[in-house]
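Shown next, in structure tokens, is the structure this report addresses.
Just so it is clear, the structure is predicted and the values come from calculations on it, not from any experiment.
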Amino acid sequence: MRDSEESSFGGLFLFFMCIILISIIFQNLYKFFIISNNWQNHLLFKLLIFSLALNGILLCFLFKKYIVRYLSSPRLNLTLLIMLGISLILRHFIPQGDSFNLYNYNLSEIQSVLFLNNIFRSWWFTSILFLLFLSSVITIFIRGKYQRNRIAFYLIHFGVSFVLIGIFIFYSQGWKGELILNSDKEENEIRIISGNKKEKNYQLNYKIKLLDYKIDYYPEEWRLNLYQRNDRTGDYKIISSIDPHERKTFIIPGTNWKYHIVNYYPEFRAEKKVVKLSTNEPVNPALKIRIISDKEEKEEWLLAKEKNTYLDEEDKFQVTFIWQWNKEIQKRLTFRGESEKHFLRINIRNREKIISVQVGKKYRWRNFSFSILKFLPHFRYDLKTKSPYSVSDKPENPALLIKVEKIFPKEKGILIWLFSRLHRFESTSLFNNELKLEYSYVRPKIGVNQHIVITGEDKTIRFIQRRSFFIIPFEFGIRYRINKKDIQILEMHPAVDTKIEFMSVSDLPKNPAIYLVLGSPRREIPFLKEKGDEPIVLEGGKYILNFENDRKVIKNIKSNLKIRFSNGVEKRYWIDRNHPVKIGKIYFLQDKIFESEKIMSKIHVFYKPGIEIFYTGFLLCLIGLLIQLFGRREGEEK
């Protein structure tokens with residue numbers, strides 16, 4: 001018996017080599033008989049298989065004593081477990097589910113016989129599981145006569161048997177499919193993509209409909225990227241990318257420019273701080289008001305010498321704060337709206353002219369002509385497509401595209417973007433500083449139905465409409481009804497100073513911004529780049545600095561499904577990509593979301609029979625190991 005145990009590995013190796021050779025012979029015979037389309041030969045092939053199987057059963061019956069002794073060998077158990085581990089390792093190195101043409105042509109024959117592209121459903125993996133199961137069961141009955149102190153032995157071997165039975169059931173009966181859902185109709189048919197089922201579709205006894213979906217992302221990673229243009233191709237590539245928390249100084253190669261980040265604001269907020277001055281003289285009067293509506297409540301500072309007007313576009317009224325009332329102010333109040341205006345300041349050899357221009361028209365002054373080609377209210381520049389675009393219709397960053405041409409001597413026209421905000425670092429001087437351009441944008445004014453003028457010297461409030469005028473003294477804290485909103489005067493000061501304070505509301509990158517400093521031997525420019533701001537263009541477009549989001553990684557995808565069962569009961573489930581949800585005997589796991597004309601959700605579907613038996617066996621093995629390690633043995637107390 002000892003000799004049989006020592007030779008178990010060699011015998012098992014010879015056994016499997018014989019099986020491989022026989023399988024290759026069977027495969028070639030099968031190809032020969034099936035391709036010939038001869039039913040008589042096909043029948044002979046079946047008879048050949050039947051006769052070989054019958055001879056195998058007779059041999060097993062004649063040598064059952066030696067086979068049982070061989071299967072009950074502990075070394076056979078160990079050998080089978082090693083082979084099981086090797087097959088699991090092979091699965092991770094060989095792509096599963098792919099066709100054989102992806103593999104080496106010279107090895108395609110042996111790979112097609114061994115089913116290396118689907119190891120868990122191959123004949124040899126099933127044979128290992130079956131032999132391991134037989135070995136465990138026979139070992140229990142041959143070597144493990146019942147003894148109370150050997151309960152751990154029984155639990156471990158019964159557990160291994162349960163695990164193998166569960167795996168065998170799962171890989172022989174289980175399948176994997178996919179379900180495509182949209183919000184238009186209900187589905188109950190699953191397309192099977194792998195498994196031993198002959199059917200291509202599986203019908204559920206309930207219907208599923210997609211109601212909604214949700215995509216969660218990891219926190220955005222923002223970086224300050226430096227792009228360099230290839231003079232030959234015109235393409236841009238990133239030559240430097242820094243985290244907004246870095247505080248080092250970086251030099252732009254081949255130039256005198258250098259830059260560094262002073263501060264980083266994950267959720268940027270700029271607030272105007274009003275500082276009260278210790279004087280009663282009306283140097284710069286300020287008034288604080290509160291606007292209350294059904295939707296929100298907000299506070300505004302009105303400064304007599306700066307921003308002294310609050311405009312409510314929704315209800316079309318205007319609140320103005322002045323220190324002293326006079327008739328000239330009343331004459332300037334208007335109830336009509338005005339369209340937006342574009343002003344172009346032209347300087348030709350120190351002679352200036354300001355003209356109001358319109359998009360689509362051409363203007364001429366002295367020796368130059370100006371064609372107003374395009375206007376973008378919220379200018380942005382896409383580095384991938386190398387084209388400008390507008391984020392929205394709001395004039396957050398107005399830009400004007402102008403074609404400038406010299407009339408005599410005639411020169412090639414120049415296309416240039418002009419910005420009304422001072423966030424541009426390329427010069428607006430053209431034709432060897434002969435021409436200088438500057439662009440100013442004036443927002444459109446909407447027509448109002450009512451003016452509310454608050455004066456500080458006599459503490460009165462005036463309600464001015466088109467055909468009426470009403471004046472009353474105001475009190476702090478009292479609410480005054482204007483259209484559908486309430487105005488409350490909170491406080492007033494004759495002399496204040498203002499400053500803008502930058503802050504971050506939270507640590508989450510919801511509205512990131514950086515305070516950047518650009519420097520050269522001649523000047524140093526502080527610059528605040530907010531989220532999605534236009535890039536900083538240097539050296540005539542050779543270098544571009546842009547604060548942008550490098551990646552947007554999906555954390556989880558969830559689909560909200562409505563399940564309507566055959567008895568009329570409806571239930572809702574959230575399916576995500578991290579935790580499978582079991583409905584009846586079927587497991588559902590989220591895969592993808594397709595956002596096109598119709599929102600569609602792709603869901604993986606699994607049928608896992610025998611999984612409960614597998615976990616039961618695993619639990620029995622765990623209990624047996626714990627008893628074996630920590631249980632008391634006979635003679636220990638003595």
Side-chain angles (χ1 to χ4, degrees), residues 265 268-338 394-396 442-505 528:
Y265 309 94
F268 175 73
R269 183 79 55 85
E271 291 188 357
K272 180 180 287 186
K273 290 289 184 179
V274 177
V275 181
K276 304 170 188 176
L277 302 178
S278 58
T279 178
N280 292 323
E281 296 295 325
V283 179
N284 184 21
L287 182 76
K288 190 177 183 180
I289 62 173
R290 180 183 290 134
I291 300 97
I292 306 168
S293 66
D294 297 335
K295 299 178 181 178
E296 61 178 351
E297 180 177 329
K298 59 182 178 180
E299 296 181 354
E300 291 278 345
W301 275 100
L302 303 180
L303 286 81
K305 293 188 177 180
E306 296 179 33
K307 180 187 175 184
N308 69 333
T309 301
Y310 166 76
L311 179 63
D312 191 296
E313 298 183 3
E314 183 181 359
D315 290 323
K316 293 187 178 181
F317 68 87
Q318 181 173 297
V319 181
T320 304
F321 171 63
I322 61 174
W323 185 252
Q324 188 177 15
W325 173 263
N326 57 57
K327 292 183 179 180
E328 294 297 325
I329 295 173
Q330 187 173 349
K331 289 180 181 179
R332 290 198 297 267
L333 297 178
T334 177
F335 292 93
R336 293 184 303 173
E338 296 180 4
K394 295 183 179 181
E396 298 293 336
V442 178
R443 290 173 176 265
K445 295 182 180 179
I446 65 168
V448 298
N449 299 325
Q450 186 177 11
H451 289 277
I452 296 91
V453 182
I454 302 171
T455 57
E457 188 177 44
D458 56 6
K459 293 184 180 180
T460 57
I461 180 170
R462 289 170 169 80
F463 300 92
I464 305 171
Q465 294 183 348
R466 290 179 183 272
R467 298 179 181 178
S468 65
F469 186 93
F470 181 65
I471 178 173
I472 60 170
F474 69 79
E475 297 181 18
F476 294 107
I478 302 298
R479 293 190 180 189
Y480 300 94
R481 190 70 176 176
I482 302 172
N483 291 353
K484 300 177 183 179
K485 297 181 180 179
D486 290 340
I487 303 296
Q488 192 175 20
I489 302 173
L490 301 179
E491 54 183 309
M492 184 173 60
H493 304 283
V496 298
D497 192 11
T498 59
K499 62 178 182 179
I500 302 296
E501 187 175 88
F502 301 146
M503 63 182 66
S504 183
V505 181
L528 181 68

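Side-chain contact between Thr309 and Lys307: absent, with no pair of heavy atoms (C-beta onward) separated by less than 4.5 Å. A heavy-atom distance below 4.5 Å is found between the side chains of Phe321 and Met492.
Between Tyr480 and Phe463, the ring-plane angle classifies as tilted under the 30° and 60° cut-offs. Under the 30°/60° scheme for interplanar angles, the aromatic rings of Phe502 and Tyr265 are found to stand perpendicular.
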(request) May I have the step-by-step check of side chain to side chain contact (heavy atoms under 4.5 Å, CB included) for Ile472 and Thr460, ending in yes or no? (result) CA-CA 6 Å; Ile472 60 170; Thr460 57; over 6 Å; no
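Nearest approach of Asn308 to Leu303, heavy atoms of both residues: CB-O, 3.0 Å. For Phe474 against Thr455, the heavy-atom pair with the smallest separation is CE2-O, 3.5 Å. The minimum heavy-atom distance between Asp458 and Arg462, with the atom names listed, is OD2-NH2, 4.0 Å.
With hydrogens and angles disregarded, no donor-acceptor distance shorter than 3.5 Å links the side chain of Glu491 to the backbone of Lys288. Lys305 contributes a side-chain N or O that, together with a main-chain N or O of Val283, makes up a donor-acceptor pair within less than 3.5 Å.
Of the residues Leu311, Asn449, Asn483, the one that meets the side chain to side chain contact (heavy atoms under 4.5 Å, CB included) test with Phe317 is Asn483.
Ionic pairing of Lys485 and Glu314 is present here: one or more N-O contacts between side-chain nitrogen and carboxylate oxygen are shorter than 4.0 angstrom.
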